[in-house]
Amino acid sequence: ILALSNSTWVGICIDRWTTKVDFAARLAQAEAEAEATNDTTDAANPLIRGDFWYRKFCTEERDALRSTISREELHNSTFSIKLWFQSKFHPEMKRIKGVVASGLDGSSLSDDMHFDMPNSTILGMPESYGRAPFFLDDAGGSSVSCINIRTSHPLFSLRVFRRKDWGWEFRSQGYVVRSVDRTSSCTEQLWKDYASSLIIEK
């Protein structure tokens, strides 16, 4: 590892980040930072731990372990939201005899959900939800582990989780929210790892 060149670490970073959320943006930012630091040498170097691409790889790996989302990320990200199960507030969802209808089976309530931090309101939701207010449990800090939302329906809390693809997921008993890759216009793959329905045991 210590004898690897910067160009080798570029390839390692690309291979690692390809399957992660915002791959293109992540790589573009890293390339811009590398150019700004003038740390693009291709020579093998026994002090590689001080070179840019090795350090960038380690930085991204450490960041992926973070279990709280920053206020800036929350404000700048776009989210897709679905129901876990069919709701009386959404009668248009299909019903299947003997099956608990899953909200994950149908379309998202919104694929353009945004948290407007300055106004503490959620944008991009269906008209019935309006501009729902939210508040955070971070006590004014820089990171968030729980988002509390008040809608025309009862108050609910979204717990923050980090996905394996380095995206974000917020879960409550009724809703699940996932961050959308900024470089992709398709959200179908976003939900593929969730089961489409749950069978009732009688």
Side-chain angles (χ1 to χ4, degrees), residues 21-22 63-182 184-201:
V21 169
D22 291 336
D63 185 73
L65 300 175
R66 184 163 46 92
S67 60
T68 57
I69 187 171
S70 71
R71 297 169 72 92
E72 181 180 5
E73 285 175 291
L74 186 62
H75 178 73
N76 292 330
S77 298
T78 301
F79 297 91
S80 177
I81 179 172
K82 288 194 174 190
L83 291 164
W84 286 117
F85 306 106
Q86 184 179 21
S87 167
K88 64 182 180 181
F89 298 110
H90 296 275
E92 74 280 2
M93 296 176 66
K94 65 181 181 181
R95 296 177 181 274
I96 306 174
K97 187 176 181 180
V99 174
V100 176
S102 171
L104 301 174
D105 218 16
S107 60
S108 305
L109 300 181
S110 172
D111 290 323
D112 192 35
M113 178 183 180
H114 293 269
F115 291 86
D116 180 8
M117 296 298 293
N119 298 304
S120 296
T121 56
I122 296 175
L123 308 177
M125 290 293 286
E127 186 176 346
S128 60
Y129 286 79
R131 297 166 65 94
F134 70 90
F135 56 96
L136 308 176
D137 72 341
D138 62 347
S142 60
S143 60
V144 179
S145 60
C146 181
I147 306 165
N148 299 289
I149 300 174
R150 186 176 300 281
T151 68
S152 55
H153 317 320
L155 172 74
F156 63 92
S157 297
L158 293 168
R159 297 291 176 180
V160 176
F161 298 88
R162 197 71 180 266
R163 305 200 310 262
K164 290 182 178 180
D165 65 358
W166 296 359
W168 293 101
E169 179 168 308
F170 312 148
R171 305 175 201 152
S172 73
Q173 290 183 330
Y175 300 87
V176 57
V177 179
R178 285 188 158 188
S179 58
V180 176
D181 192 327
R182 291 174 293 175
S184 174
S185 59
C186 178
T187 59
E188 289 184 8
Q189 297 298 309
L190 188 62
W191 300 100
K192 68 178 183 179
D193 56 324
Y194 273 123
S196 62
S197 61
L198 300 175
I199 305 299
I200 300 176
E201 293 186 7

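Any value given below was found using the heavy atoms of this structure, including those in side chains, with hydrogens, waters and symmetry copies removed.
With values rounded to the nearest 0.5 angstrom, Ile149 atom CD1 is found 4.0 Å from Phe156 atom CZ. Atom CE of Met117 is separated from atom CG of Leu136 by 4.5 Å, given to the nearest 0.5 angstrom. Taken to the nearest 0.5 Å, the OG atom of Ser179 stands 12.5 Å off from the CG atom of Asn76. For the atom pair Phe135 CZ and Ile147 CD1, the distance stands at 11.5 Å (nearest 0.5 Å). From Thr78, atom OG1 reaches atom CG of Leu123 across 10.5 Å, with rounding to the nearest 0.5 Å. One distance of note links NE2 of His75 with CG of Asn119; it measures 9.0 Å at 0.5 Å rounding.
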Run the side-chain contact (heavy atoms from CB on, under 4.5 Å) check on Val176 and Glu169 step by step: do they pass?
CA-CA 7 Å; Val176 57; Glu169 179 168 308; 3.8 Å; yes

With side-chain contact (heavy atoms from CB on, under 4.5 Å) as the criterion, how do Val177 and Leu158 come out once you've worked through the C-alpha distance, each side chain's angles and the decisive distance to 0.1 Å?
CA-CA 8 Å; Val177 179; Leu158 293 168; 4.2 Å; yes

Give the intermediate values and the outcome of side-chain contact (heavy atoms from CB on, under 4.5 Å) for residues Asn148 and Phe134.
CA-CA 5 Å; Asn148 299 289; Phe134 70 90; over 6 Å; no

Go through Ser80 and Trp191 one step at a time and tell me if the side chain to side chain donor-acceptor pair (under 3.5 Å) criterion holds.
CA-CA 9 Å; Ser80 177; Trp191 300 100; 3.3 Å; yes

What do the steps show when you test Asp112 against His114 for side chain to side chain donor-acceptor pair (under 3.5 Å), and what is the final call?
CA-CA 6 Å; Asp112 192 35; His114 293 269; 2.9 Å; yes

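Under the 4.5 Å side-chain criterion, counting only non-hydrogen atoms from C-beta, Leu190 is not in contact with Asp111. Asp116 is not listed as a side-chain neighbour of Ile122, based on a closest heavy-atom distance of 4.5 Å or more. Within the 4.5 Å cutoff, side-chain heavy atoms of Ser157 are placed close to those of Cys146. Inter-residue side-chain proximity for Tyr175 and Phe170 is flagged as unmet; no heavy-atom pair is nearer than 4.5 Å.
Geometric assessment of Arg171 against the ring of Phe161 yields a positive cation-pi assignment under the 6.0 Å and 45° thresholds. Relative to the ring axis of Trp168, Arg162 places its NZ or CZ within 45° and under 6.0 Å from the centre.
The side-chain hydrogen bond (donor to acceptor under 3.5 Å, both in side chains) test with Ser70 is passed by exactly one of Glu72, Glu73, Arg66: Glu73.
Residues Thr68 and Ser145 come closest through the heavy atom pair CG2-CB, 3.9 Å.
Of the possible polar contacts, one joining the Ser110 side chain to the Gly124 backbone as a donor-acceptor pair under 3.5 Å is found. With Arg163 contributing its side chain and Asp165 its backbone, the two residues share no donor-acceptor pair below 3.5 Å.
The number of heavy-atom neighbours closer than 6.0 Å to CZ of Arg131, taken from other residues, nucleotides and ligands shown, is 12 or below.
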